[in-house]
Each structure stands twice: as structure tokens, then as C-alpha cells.
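The chains referred to below are lettered A, B, ... by the order of the sequence lines, with proteins before strands, and numbering in each begins at 1. These numbers come from a predicted model, not from an experiment.
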Amino acid sequence: MPTSGKDRYTPATQSIAYLQQASRYALFWTVDMVRALIEQLVSSALQQLQEQGIFSAEHSLSFQVERPRDKNHGDFACNAAMVLAKSARLPPRQLAEKILAALPVGQTAVERCEIAGPGFINFYLTAQTLRSLIRTIEQQGEQFGRSQMAAGRRIQVEFVSANPTGPMHLGHGRGAVNGDAIVRLLQAIGCVVEREYYINDAGAQTLVLGRSVLIRYHELFGQQWPMPEGCYPGDYVRDIAIALRDAQGARWLTPDLPAEAPPEVVDFAIARCLEWIRDDLQLLNIPFDTWFSERSLHQEGLIQHAIIQLEEKGLIYEGVLQPPKGKLPDDWEARPQRLFRSTLFGDEVDRALQKSDGSYTYFAADIAYHLHKAERGFDSLINIWGADHGGYIKRVQSALAALSGRKDLLEVRLVQMVNLFRAGQPVRMSKRAGTFVTLREVVEEVGADAVRFWFLLRSSGSSLDFDLELAMAKTNDNPVFYVQYAHARVHSLLRRLHERELPDIPASDQHLQLLCAEAELELLSLLSRYPEVVEQAALEKEPQKIPYYLLELAAAFHTYYNGYKILDEDPDLRAARLALVKACGQVIANGLTLLGVNAPEQM
RNA sequence: GCACGGUUAGCUCAGUUGGAUAGAGCGUUGGCCUCCGAAGCCAAAGGUCAUUGGUUCGAAUCCAAUACCGUGUACCA
């Protein structure tokens, strides 16, 4: 039986006869049907060979039907002859000959098959089969490429979760765009996805923010205090202070700098930062379903709830950690702490739950948070974190495994850092020198589409160079324009059609027969791969596969456009080519939508 | 030291159930508009897939060591 696809494609349960029947009566073949047919054909051939005694009965006849990388190798390729050569005690190519001879004949979708390379059997689809794809795309429209393969699966994606202590920077933006794209991809295969933002509105950093604001606030009234070590010097702190003064006047003035800012000031500052963050996310068109407050964990006693559960499992103890190996921090001292036995779950050391002042660590809150997520009944949880948080993965997964018993519930995906460039020169960023570039400034300069596309073009696992100049370029240098331009060209053709008052005739099956140039069949073949690309990108949570596919499709489209006249004098040919071109436009639009990038009709 | 990520063309990077002659853009060189948008197309040159070994019909891909780069490395978030 075929092992290709496994649960990823329509199982090849239909009989060959059924599929042949379907091809005769249905308007079109879907890619899944073709794949299923080919798997059936090969299976049937292998069975016949087994009856002939080429294989003994106990040999499992597994093989794969795959998409060849090189277009010269046909539409599908089968590796059966190579995988089974040993069992058959035949050289791969000889076995391939026998398989080929045993393939059932007379079906309509496959034009020809041939042996190539070390023993691949390549299948070339008929032009008719490829053309029918236009019907699929016409019928499914913006649904083309979407599926229900993971229908009903409930997934939560937590991403961004930038601290509300300042404006978002480029790294946050990358995480935001990446998370958003993963959500869209999962939705495209039928998952029910919830987007969540975890607000770190408790803890020391918020107090530092409050204190920094308070100092700037007093400056507005003529009171100068030096900014203490560790406080935030950025200009935005002054903006918050001004807003505080404008909203609440002088009521927070004090003769001396208090050790802690009043809670109202802290809350005001946090609220202000959150407002900026929401605005920035909106600018990038990234919505959230839930904004989850860390503070609520403390207030509702959920941290105790989580710790009690760990205690009941005997996973908490009072202890002293060994000093870390390698470079020792200057102020390291042995101190007894309340520790969680994360080493039992694969972590390197046990982790502290309470600080020396008795308050809970960030980790303790994170345990409670993730327990809460687990209790909300998701099938899986995905966190998108910056690479600098990589060290926390094991401990959070340990805690979740301890509490939920589900080891694979949480998947953490790290997004590497972003380096900012302008015309090839690195843009040095320093908070102190005031040369820090915020996400908002970049989005406003180059536009949300360019920012999104660039961030999605690179796999999240490698660091990314973002060049402001390139992102704005309106040439081939800029991939987002290249793709959008292809889409705009499609609509430009439709506008020209209208201007010349030519009829927009729907292409008949006979019209489509005129599509037989190599460039046309290649374009069709490329279009047929789109649903598989979406599926793969979603399953692997690797959005970059979509931009790369779109670049390939756009390139093929531009080549076609340059080589052939779409608005031909011959109305039949014109109708056929327009149908193909519209299908391209549809798929480009679908792909861009999946990335949250606009598909403009005019540029 | 340890953990995680990375190393593919001059530059920036794609390349996952292991697959055929390893790809794209930029840059370089040379071509294509009396014609639907040249914001485009075509062609050429450019490679020890960091190194070494292993697994097998087959390795950039899997495994093991090594080298170099990045991030993190008690109580911060």
C-alpha cells in the first residue's frame, strides 16, 4: 500500500474504476484525486507482480508518490522500484520496467509515464487534466487552497506578549507577523484558533516603569531628579508623563522621590503602553481574541492553585541551587529557595518559584498561566517567543508536563532577531543615544505589506536582515512588489479589456483546449501545487513557504505575460488565456491574503 | 562549561515524510519595448552544501564528533 501522504492526503480508498469514472463525468480533477489514482495504479501493479512471484507474500509493498522538484520530471514521481529493489532482488530500473508493464491502462488522467534517473517512475498528466484545474479555481475562488484536513482542532497561539513598558521594536514585530501568519495558516486547514496576548502587568519591570514616569513627570513641574540605574531613559517615558499631567494634573507631585510609584501611576503607564502596542498591532492588521493579564493570576489565586498541585505531587522543596558553571555572576550567593523539580522532566536544574523577598518569580506565574491554558481545553498550545527566551522552554514544558500529564501539549517556536539596515548599512540602535527605531516608525516608513512580507520571507529560525531601502524599492529587488505587481497586471488586463470594449466571454472547455503552450502548462502545473504548499506550510508552521511559492508563481506569470499576448485578436484564444490569467490572479490573491498582505489591483 | 539556534554562489537566503544535474533574488556580463504596465522578460558566469566519519539503493537533509557565529545561562521579564 502507498505510504505517501499518510493522513495528509485523501486516502487512496477509491477504486481505480471509481476515479476513472469520476474523471469522465466530473468537470475537473482535483489534485488529491490524481494522487490517489496514481497510488492506486502503482499498488495494483505491485499486487500483480506479487502474484507473479516477483515479491514474496510477506514483503510489505510500501512506496511513495511525490512531487518532483524538477518540472522536467513530470507531475508526480514514484519511488517504488528503488525502495523495493532489494525485496525483488532486481536492479531498480529493471524492476521499474516490470512495474510499468503491469500498470493498468486506459485511464484518462495520465498522459504517459516513464522511467528516469536511478529508477523513478515519472507520471505526466494530460493537458486536459491540468486545464481542468482552471475550473477548480473558478469554482472555489478564494476558498481554493483552503481545506478541512484539521477540521475542528482547537489551538491556541500565544504571541507577541511584549512587556507593556515601552513601544514595540522590530523583533516584536517579527514575532507578531510570524504568529499571525501561523494562525492564518492553521485556520486555512480548518483549525479553530484563538489568538492570545499575555500581558506582563505584574512584577518589577512595571514598577521600574512607574518610577521612571514619575521622575519625568516631576521634571515637567521643574523638579529635577537623576534617573536611577535601571530606569527607562527613553523619550516615550516623557510622553507618558505628559499624558499623565494632562489627564490628572499635579496630584502626584511629592517633595521627595518615593521608593515606589503610586499604583495609579503604574497603571496609567501600563495602560498607555498597551494602547501603543494595540495601535501598532492594528497598523499591521493583527487582531487578538484574548488579552490575558498576569496580574489576574495573582489576584485570583491561580498561582497558589498551581503551586498546591505541584506540592501534592511532591515536586516542590526548599533547597539551595548550585552556582552555575562557567562565568559566575558577581553577586552570586547561596540562598535557600522554594524550588520546582523540573530536572525530573528534562530540565538542567530545578527552578525557583519564589524570590528572596518572598514574592513569586515570573516562572511561578508562567506555570499558573500555562496550567490555566491547559485547563481551557485546547488540543494544542503554541507559543511564539523571541530567541532570547529560549532558555525558558524546558522549564515551562516541564511544569506543564507535571501538571497536565500531556508532554506534547505545548509547542514553543522561537523567532530569531532582526537587524535593521538602510541601503546595505547597518542601522546602529541605542536607546541612550536616542537612535532607537521603533516598529511603528518602520511600518510608517515602508508600509505594512512590505514589513509583513519581509518578515515572512525568512524562516523564523534564522536571524533576519531588514533593509529599509529594499523594502521600499519598487523593483525586482523587492519581492513584495514583484508579487503584487503580478496581481496588478492581471487586473490591468481586465481593465484594458473593458476599455477596448471587448466582451469578457467565459472560457468554454473548447476554449481551454487552446492552452497548450509550454508556458501555459507550466503555469497550470504550478497552480496545482498551491493547495499542497498551504497544507505543508500549515502543518510545519513555516509561513515562509508561501512567499517563496508566490515568488515562483509570479515569476512564471511574468514570463508568460512577456512571451504571449493575453488580449489576442482571436476571441477564442483571448478567452482561454484570460481564464488562465484570472486563475493566476486568484491564487496570488489567495496566497497574499494568507500572509495578511494586500493584493492591489493597481499600483 | 552547558542549553538552544545557525553555517548552502561575491552578498541576502530558499531547499522536511532522505530522491534525480543543489535553487532564487541582488551584484557582475550580454541581450529584449512601432506590441496588453520594461515596476517586466531572456541568457551567461558563479558551489568542497563549514570539516570528518557513519547509516543506505541514494545524504545539503538523518546520526556522531570537530570548528566557527548568535542567543541564553540563580533571585529580572
Side-chain angles (χ1 to χ4, degrees), chain A residues 3-6 8 64 66 68-70 72-73 77 79 81-86 91-92 116-120 122 161 163 165 200 202-206 208 230 294 320-329 331-335 337 339 347-349 351-352 354-357 359 361-363 365-366 386-394 414 416-417 421 424 457-459 461-465 467 470 473-479 481-482 484-486 488-489 492-493 495-497 500 536 539-540 542 544-545 547-548 551-552 555 558-568 602-603:
Chain A
T3 55
S4 75
K6 299 194 183 86
R8 293 173 42 196
Q64 292 156 357
E66 59 200 24
R69 205 158 287 171
D70 187 331
N72 296 319
H73 297 145
N79 64 358
M82 290 176 303
V83 179
L84 301 175
K86 215 175 214 176
F120 285 104
N122 292 338
S161 301
N163 283 349
T165 55
N200 297 120
Q205 294 306 312
T206 62
V208 172
E294 178 188 357
V320 180
L321 289 175
Q322 294 295 309
K325 303 250 161 63
K327 266 181 260 169
L328 204 61
D331 57 343
W332 192 90
E333 59 180 53
R335 62 171 82 96
Q337 286 171 313
L339 302 169
D347 204 358
E348 287 103 50
V349 290
R351 303 292 177 178
Q354 279 176 324
K355 301 181 212 168
S356 38
D357 66 359
S359 62
T361 59
Y362 176 80
F363 177 49
D366 236 1
D388 53 344
H389 287 61
Y392 277 75
I393 297 178
K394 272 187 188 168
L414 294 181
Q416 297 291 323
M417 61 185 301
F421 288 78
L457 195 58
R458 301 283 175 248
S459 77
S462 47
S463 60
L464 179 151
D465 293 345
D467 194 303
L470 278 189
K474 297 185 175 183
T475 64
N476 216 345
D477 304 4
N478 186 346
F481 275 88
Y482 185 77
Q484 286 181 324
Y485 180 49
R489 268 184 157 175
S492 169
L493 287 166
R495 283 192 298 274
R496 293 288 295 175
L497 189 75
R500 292 192 204 164
Q536 211 186 0
L539 289 172
E540 290 164 14
E542 306 258 293
Q544 80 275 7
K545 291 177 190 303
Y548 275 96
L551 284 168
E552 205 180 340
H558 286 310
T559 298
Y560 180 51
Y561 180 95
N562 270 67
Y564 296 83
K565 190 144 175 118
I566 313 300
L567 299 179
D568 198 86
Q602 209 163 346
M603 298 178 67

Would you tell me if any nitrogen or oxygen in the side chain of [X] comes within less than 4.0 Å of OP1 or OP2 on [N]?
X: A/Thr559; N: B/rC42; value: yes
X: A/Lys86; N: B/rC57; value: yes
X: A/Lys394; N: B/rG72; value: no
X: A/Tyr485; N: B/rC41; value: no

Distance-only polar pair, side chains of A/Ser359 and A/Asp357, donor-acceptor under 3.5 Å
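Distance-only check passes for A/Ser359 and A/Asp357.
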With a 3.5 Å cut-off and no angle check, do the side chains of A/Asn79 and A/Gln64 form a donor-acceptor pair?
yes
Just to be sure I understand the rule, does [X] reach a base, reach only the sugar-phosphate, or reach nothing, if contact means heavy atoms closer than 4.0 Å?
X: A/Ser492; answer: base
X: A/Gly461; answer: sugar-phosphate
X: A/Glu333; answer: base
X: A/Ile566; answer: base
X: A/Tyr564; answer: base

So how far is it from [X] [atom1] to [Y] [atom2], rounded to the nearest 0.5 Å?
X: A/Ser356; Y: A/Glu333; atom1: OG; atom2: CD; value: 7.5 Å
X: A/Glu542; Y: A/Tyr548; atom1: CD; atom2: OH; value: 12.0 Å
X: A/Ser492; Y: A/Leu567; atom1: OG; atom2: CG; value: 8.5 Å

Not counting sequence neighbours, which residues clear side-chain contact (heavy atoms from CB on, under 4.5 Å) with A/His389? List them please.
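For A/His389, the residues satisfying side-chain contact (heavy atoms from CB on, under 4.5 Å) (neighbours in sequence not counted) are A/Trp385.
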Check whether the side chain of A/Arg335 and the base of B/rC75 form a donor-acceptor pair under 3.5 Å.
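Such a pair exists between side chain and base.
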What would the secondary structure line of RNA chain B be in dot-bracket form, counting Watson-Crick and G-U wobble pairs under 3.5 Å, with [ ] for pairs that cross earlier ones and | for pairs with another strand?
(((((((..((((.....[...)))).(((((.......))))).....(((((..]....))))))))))))....
Find which nucleotide of RNA chain B each of A/Ser463 and A/Lys474 is nearest to by heavy atoms, and output the residue with the more 5' nucleotide.
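The residue closer to the strand's 5' end, by nearest nucleotide, is A/Ser463.
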Using a 4.0 Å heavy-atom cut-off, write out nucleotides 19-33 of chain B from 5' to 3' as B (base contacted by protein), S (sugar-phosphate only) or - (no contact).
BB----SS-------
